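None of the values given here were measured: they were computed from a predicted structure. Both counts, for ligands and for their atoms, begin at 1 and track the order of listing.
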Amino acid sequence: MQTFISSCLQEKSYLLTTPKGYIVIDPGVGIFEQMKLYIKDMSTCVVLLTHVHFDHAFDACAFQKHGAKIAVHKLDEKNIFSKANLSFTMGLPFAKFVPDIFLQEGIIHIAGETVTVVHTPGHTQGSCCFYIQNTWFTGDTLFEDGGCGRTDFPGGNEEDMQRSLKKIKKRIDAGTFYAGHLS
Ligand SMILES: [Zn+2]
């Protein structure tokens with residue numbers, strides 16, 4: 001697994017290379033240019049989004065344009081087309097895309113890997129955590145210092161967040177997961 005840091009908000013993106021392709025998690029601002037050097041065949045690449053805020057999904061469109069598929073929870077789809085992706089806060093134009101795959105709680109198979117999807121609303125309605133190759137990816141739901149993402153953005157909900165944290169903390173051992181930002 002390779003970690004890439006965006007210079008925009010220090011958001012973290014991850015690249016997993018599998019025997020059958022590639023899984024990209026949360027490609028932030030400028031990540032396509034960094035990551036493409038490591039991806040031989042973009043048509044075998046799937047972009048998984050923990051949620052649709054610009055700092056996690058900004059470069060998803062660039063991957064899709066080069067042949068990758070994008071997977072996101074249905075409840076965050078509307079953020080792609082609205083101010084709720086928060087791109088305007090940085091004055092950046094968000095490149096819109098149509099998702100190829102809608103995620104829901106459960107198990108999916110992509111790029112030859114088994115991915116466990118846990119729906120964890122709170123930061124956004126469609127926030128998800130992923131378990132792949134014995135590793136958890138928690139986006140802005142659970143940070144590595146034990147904190148959690150803000151709940152005062154559009155679609156955020158504090159009660160949902162508390163429920164989601166309870167749910168996810170039952171399954172994740174401290175220090176064994178990767179979050180969406182440096183902490
Ligand atoms: Zn976020």
task: Look at the side-chain heavy atoms of Ile, Leu, Val, Met, Phe, Trp and Tyr, link any pair under 4.5 Å apart, and say whether Ile39 and Leu49 land in one connected group.
output: yes
query: Centroid-to-centroid, Phe63 to Phe32, below 6.0 Å?
result: yes
message: With no hydrogens and no angle check, just 3.5 Å: does a side-chain donor-acceptor pair link His53 and Asn79?
response: no
- line: From the list Ile107, Leu48, Ile132, Leu103, side-chain contact (heavy atoms from CB on, under 4.5 Å) partner of Val117 resolves to Leu103
- prompt: Do His109 and Thr114 pass the side-chain contact (heavy atoms from CB on, under 4.5 Å) test, and can you show the C-alpha distance, the side-chain angles, and the key distance before you say yes or no?
  reply: CA-CA 5 Å; His109 299 279; Thr114 300; 3.2 Å; yes
- prompt: According to the interplanar angle, ranging from 0 to 90°, do the rings of His51 and His56 count as parallel (below 30°), tilted (30 to 60°) or perpendicular (above 60°)?
  reply: tilted
field: N, O or S atoms of the protein lying under 2.8 Å from the Zn ion (ligand 1)
entry: His51 NE2, His53 ND1, His123 NE2, Asp140 OD2
